[in-house]
Participant: 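Below: one structure in structure tokens.
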Amino acid sequence: GELYEKAKIDNIETDLIIEDGGCRGGKNCKLGPCVAVLHEDFDGSVALEGMGQSEFNERVFHGVSMQDDVDRVWGCVANAIDLMADEENET
């Protein structure tokens with residue numbers, strides 16, 4: 001839905017796979033809906049700059065239900081993409 005539309009706007013939708021998944025388990029069920037970001041170079045979900053402390057520790061965004069929440073998640077994802085591209089260009 002919303003995250004895919006943001007990827008389309010930034011013209012990177014072909015670089016991402018966005019899919020619905022099951023619960024991430026644990027206490028996250030009480031903090032949902034949650035969004036986890038996975039990257040092929042890492043095992044499991046990744047923590048991103050801009051996450052809250054508990055989100056960062058659990059490597060999952062909590063309470064993503066409003067447009068502002070989606071915007072925050074996308075801002076973190078876009079920032080991570082930019083940082084990775086910059087690091088790749090430096091090598």
Side-chain angles (χ1 to χ4, degrees):
E2 296 284 334
L3 291 173
Y4 181 77
E5 289 303 315
K6 293 200 171 289
K8 263 177 90 170
I9 289 168
D10 286 349
N11 201 30
I12 59 170
E13 75 276 7
T14 59
D15 300 323
L16 301 174
I17 299 170
I18 299 174
E19 57 188 33
D20 291 325
C23 176
R24 300 295 293 172
K27 66 181 178 178
N28 292 340
C29 292
K30 296 176 185 145
L31 300 171
C34 296
V35 173
V37 177
L38 300 133
H39 188 280
E40 63 187 16
D41 292 344
F42 299 94
D43 183 31
S45 58
V46 296
L48 299 176
E49 187 176 319
M51 287 179 148
Q53 187 62 47
S54 64
E55 292 175 324
F56 195 88
N57 291 342
E58 296 174 20
R59 301 184 312 190
V60 63
F61 290 94
H62 301 150
V64 182
S65 58
M66 307 298 282
Q67 186 62 47
D68 288 348
D69 304 321
V70 173
D71 292 343
R72 180 176 72 89
V73 170
W74 183 251
C76 294
V77 170
N79 183 54
I81 291 169
D82 289 343
L83 288 172
M84 289 175 64
D86 289 347
E87 286 177 7
E88 197 171 286
N89 289 336
E90 289 177 4
T91 58

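Everything numeric here is computed off the predicted structure, so don't read it as measured data. Positions are given from 1, in the same order as the sequence printed here.
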Participant: Exactly one of Val35, Asp68, Leu48 should register a side chain to side chain contact (heavy atoms under 4.5 Å, CB included) with Val73. Which one does?
Facilitator: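 The single option meeting the side chain to side chain contact (heavy atoms under 4.5 Å, CB included) with Val73 is Val35.
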Participant: What is the minimum heavy-atom distance between Phe61 and Cys76, and which atoms define it?
Facilitator: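 Closest heavy-atom pair between Phe61 and Cys76: CZ-CB, 3.7 Å.
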Participant: Are there more than 12 heavy atoms of other residues, nucleotides or ligands under 6.0 Å from atom CD of Gln67?
Facilitator: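 Yes - once you tally the heavy atoms of other residues, nucleotides and ligands closer than 6.0 Å, there are more than 12.
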Participant: Please give me the minimum heavy-atom distance between Met51 and Val46, naming the atom from each residue.
Facilitator: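 Scanning both residues, the minimum pair turns out to be CE-O, 3.9 Å.
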Participant: How close do Lys6 and Val70 get, heavy atom to heavy atom, and via which atoms?
Facilitator: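 Scanning both residues, the minimum pair turns out to be CE-CG1, 4.1 Å.
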Participant: Please tell me whether Ile12 and Tyr4 are part of a single hydrophobic cluster in this structure, the criterion being side-chain heavy atoms less than 4.5 Å apart.
Facilitator: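 Yes, one cluster joins them.
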Participant: Is it the case that the side chain of Asn89 and the backbone of Ala85 share a donor-acceptor pair, with hydrogens and angles ignored and the cut-off at 3.5 Å?
Facilitator: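 Pair found, side chain donor or acceptor close to backbone of Ala85.
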Participant: Minimum heavy-atom separation for Val60 to Cys34, with atom names?
Facilitator: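 Between these two residues, the closest heavy atoms are CG2-CB, 3.6 Å.
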Participant: If every non-hydrogen atom of Glu58 is compared with every non-hydrogen atom of Ser45, which pair is closest and at what distance?
Facilitator: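 Minimum heavy-atom contact is O-OG, 4.4 Å.
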Participant: Treat each ILVMFWY residue as a node, draw an edge where side-chain heavy atoms are under 4.5 Å apart, and state whether Val77 and Leu83 are in one component.
Facilitator: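 Shared cluster, no.
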Participant: Could you check if a side-chain atom of Glu2 sits within less than 4.5 angstrom of a side-chain atom of Asp71, using non-hydrogen atoms only?
Facilitator: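 The answer is no, as the side chains (C-beta and beyond) never meet within the 4.5 Å cut-off.
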Participant: Measure across Glu55 and Arg72 and return the closest heavy-atom pair with its distance rounded to 0.1 Å.
Facilitator: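 In this case the closest contact between Glu55 and Arg72 is OE2-NH2, 2.8 Å.
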Participant: Would you find more than 12 non-hydrogen atoms of other residues, nucleotides or ligands less than 6.0 Å from Asp43 atom CG?
Facilitator: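 No, the 6.0 Å shell around CG holds no more than 12 heavy atoms from other groups.
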